[in-house]
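Bear in mind that the values here come from a model prediction, so they are computed numbers and not experimental data.
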Amino acid sequence: MRNLSDLYNNINFCAILTTGRTGSDYLQACLDNVPGVLTFSGHFHYYKFCENLKINEFDNLDPLKILELFIKKNHHLFTNDSEENKFIDLNLEKFKNVFKEICKNEKLNRKKFLLAIYYAYHLTLERDDKNIITMVHHAHHVDETRKFLKDFKNSKLLITIRDPRANLKSGILNWSRYDKSKENQHHFYLYIKRIREDLKFAKKLKNEKLFIKLEEANEIATKKKLTNFLSVKYSPEIMKATFAGKVWIGDKLSQFKSLDGEYNKKNIDNEWNKFFTKKDKLILDFIYRDYIPFGYNINKTNLSKLIYIFFLIPFPFFFDKNIFNLKYYFERKVHLKKKIIDLYFYLKRVLYLYTLLFRFN
């Protein structure tokens with residue numbers, strides 16, 4: 001077992017940021033068993049956890065008590081996660097004892113506590129700790145990523161991306177199928193916006209970064225580029241998705257499962273081209289033009305298209321077909337307040353699109 005301070009001072013740090021349904025869990029799962037990498041059994045809101053407990057500093061706090069609270073808050077990371085289809089069954093007593101040994105004689109802060117969790121997980125699974133080179137934290141969201149990069153300033157960044165129109169279809173259709181409460185304008189608005197704004201956030205960061213396209217995520221060239229980026233040796237383990245060494249078949253939202261942990265090619269083309277109307281695609285090409293440099297076939301927007309888009313923005317997308325359908329609301333017995341909220345976020349999205357239009361350069 002290595003000294004925690006020595007480990008902290010001699011390894012690299014990296015964060016994973018997603019831009020929607022773009023394969024960030026698959027990426028993390030592929031790194032699960034790769035020698036030289038510290039990873040975990042899923043993404044979690046570490047900084048939100050710290051803020052809720054008001055433990056930005058760890059002076060005079062018992063690390064084991066904080067760990068107990070962390071396990072209680074994130075129990076799904078150690079047993080099973082029904083939404084993510086993960087079955088971990090980690091030996092919690094062993095994990096706690098390993099963590100206790102790691103933290104012995106250590107003065108902890110927020111950064112070292114996070115590293116200690118990762119290291120304890122690694123040792124509990126009886127993985128080799130002699131050549132640990134990189135800790136990869138799946139921050140997932142922009143907020144967590146921003147805070148992680150503030151703590152670990154020289155961290156590298158992995159950003160998972162996908163054709164934004166395929167991303168949008170997956171985020172709307174799969175979430176609505178899995179959770180009917182997501183079939184609303186609030187979710188639609190946030191998802192449309194997220195795909196654009198999260199990419200803009202990532203592109204502005206000065207950290208060393210690598211964009212991983214879902215469509216190319218299983219190519220040998222991509223996997224070698226990834227291991228080079230993380231400064232670890234290429235390993236065949238990177239071709240299979242696992243968590244805690246157990247095969248991961250994909251989350252509950254995914255229509256297509258991979259029973260052996262192999263990359264599922266069916267997820268590449270989700271037929272978004274048939275899902276959206278011609279009018280939808282014209283506006284989506286305008287919204288997601290920042291994806292053009294990554295090789296996605298997105299039509300550029302000229303002046304005549306801008307004028308056309310100006311008049312099209314207030315009209316519903318294909319997936320909004322029920323927004324003005326009163327029968328839809330009555331059949332579902334939707335409360336008046338929810339109808340108003342739906343309309344509010346629809347109008348908010350219209351305003352957002354007009355803001356993008358008037359800022360167009």
Side-chain angles (χ1 to χ4, degrees), residues 13-32 37 39-48 74 76-77 81 83-86 135-149 152 155-175 178-179 182 187-205 207-218 222-223 225-226 229-230 238 241 243 248 250-256 258 263-264 267-268 270 272 287-288 290-291 294 296:
F13 295 92
C14 180
I16 297 176
L17 169 68
T18 187
T19 54
R21 288 191 55 76
T22 56
S24 61
D25 287 310
Y26 170 75
L27 173 63
Q28 183 185 12
C30 286
L31 294 171
D32 177 58
V37 177
T39 186
F40 215 76
S41 57
H43 65 268
F44 53 92
H45 303 289
Y46 178 64
Y47 291 92
K48 189 174 181 181
N74 299 282
H76 61 284
L77 295 171
D81 186 332
E83 187 175 287
E84 297 289 348
N85 265 336
K86 295 173 189 170
M135 184 187 107
V136 179
H137 175 61
H138 190 170
H140 202 69
H141 298 291
V142 165
D143 245 13
E144 283 286 310
T145 303
R146 185 184 288 113
K147 287 164 186 172
F148 181 84
L149 296 180
F152 303 92
S155 291
K156 295 180 179 181
L157 186 63
L158 289 167
I159 308 104
T160 55
I161 61 173
R162 181 184 191 178
D163 186 303
R165 296 149 304 185
N167 188 355
L168 182 61
K169 182 194 172 184
S170 180
I172 286 174
L173 208 59
N174 290 347
W175 265 114
Y178 176 73
D179 181 357
K182 296 287 186 183
H187 176 70
F188 295 172
Y189 165 68
L190 291 178
Y191 214 89
I192 288 169
K193 188 176 179 181
R194 176 189 187 181
I195 294 169
R196 179 184 186 275
E197 301 301 330
D198 287 13
L199 181 73
K200 299 282 279 187
F201 166 79
K203 288 174 78 173
K204 286 178 182 176
L205 292 170
N207 300 68
E208 188 179 347
K209 53 202 170 192
L210 178 66
F211 291 88
I212 303 285
K213 295 169 69 173
L214 176 64
E215 296 86 352
E216 300 172 355
N218 196 50
T222 301
K223 294 291 175 76
K225 191 184 293 183
L226 173 59
F229 181 76
L230 296 175
I238 204 169
F243 283 103
W248 184 59
D251 63 23
K252 283 284 179 71
L253 275 71
S254 300
Q255 286 183 270
F256 307 108
S258 176
Y263 181 78
N264 198 327
N267 289 317
I268 294 177
N270 66 356
W272 63 264
I287 299 171
Y288 299 129
D290 290 295
Y291 283 84
F294 297 99
Y296 292 112

* To do: Show the numbers, then the answer: is there a side-chain contact (heavy atoms from CB on, under 4.5 Å) between F148 and Y46?
  => CA-CA 9 Å; F148 181 84; Y46 178 64; over 6 Å; no
* Asked: Taking it one step at a time, do D25 and H138 satisfy side-chain contact (heavy atoms from CB on, under 4.5 Å)?
  -> CA-CA 8 Å; D25 287 310; H138 190 170; 3.4 Å; yes
* Start with the C-alpha distance between L168 and I192, add both sets of side-chain angles, then the distance that settles side-chain contact (heavy atoms from CB on, under 4.5 Å), and finish with yes or no. => CA-CA 7 Å; L168 182 61; I192 288 169; 3.7 Å; yes
* Audit row: H141, K147, side-chain contact (heavy atoms from CB on, under 4.5 Å) steps and yes/no -> CA-CA 10 Å; H141 298 291; K147 287 164 186 172; over 6 Å; no
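Rounding to the nearest 0.5 Å places CD1 of I238 at 5.5 Å from NZ of K223. With rounding to the nearest 0.5 Å, the separation of CZ in F201 from CD1 in I159 is 9.0 Å. To the nearest 0.5 Å, the span separating OG1 on T222 from CZ on F229 amounts to 13.5 Å. Rounded to the nearest 0.5 angstrom, S155 OG and L205 CG are separated by 11.0 Å. Note that OH of Y26 is 4.0 Å distant from CG of N218, once rounded to the nearest 0.5 Å. Between L158 atom CG and T145 atom OG1 the span is 11.0 Å, to the nearest 0.5 Å.
Contact detail for I161 and T19: the closest heavy-atom pair is CA-OG1, 3.7 Å. Closest of all the heavy-atom pairs between G42 and F243 is N-CE2, 4.0 Å. Scanning both residues, L17 and A202, for their nearest heavy atoms gives CD2-CB, 3.9 Å. Nearest heavy atoms, L230 versus L31: CD1-CD2, 3.8 Å. Scanning both residues, N270 and S170, for their nearest heavy atoms gives ND2-N, 3.9 Å.
Using the six-membered ring where Trp is involved, Y191 and H187 have ring planes that are tilted, between 30° and 60° apart. Classified by interplanar angle (parallel below 30°, tilted 30° to 60°, perpendicular above 60°), the ring pair H137/Y47 is perpendicular.
Surrounding NZ of K225 are at most 12 heavy atoms belonging to other residues, nucleotides or ligands under 6.0 Å away. Other residues, nucleotides and ligands place more than 12 heavy atoms under 6.0 Å from the NZ atom of K203.
Between the T39 side chain and the D32 main chain, no donor and acceptor come within less than 3.5 Å of each other. Within the 3.5 Å criterion, the main-chain N or O of R21 finds a donor-acceptor partner in the side chain of N167. Between the E144 side chain and the K48 main chain, a donor and an acceptor come within less than 3.5 Å of each other. With hydrogens and angles ignored, the 3.5 Å screen pairs no side-chain donor or acceptor of Y296 with any backbone N or O of D290. Put simply, the side chain of T160 never gets that close to the backbone of G23: no donor and acceptor are under 3.5 Å apart.
Cation-pi geometry between K213 and Y291 is not satisfied (NZ or CZ under 6.0 Å from the ring centre, within 45° of the ring normal).
For R165, the salt bridge (Lys or Arg N to Asp or Glu O under 4.0 Å) partners at least two apart in sequence or on another chain are D163, D285.
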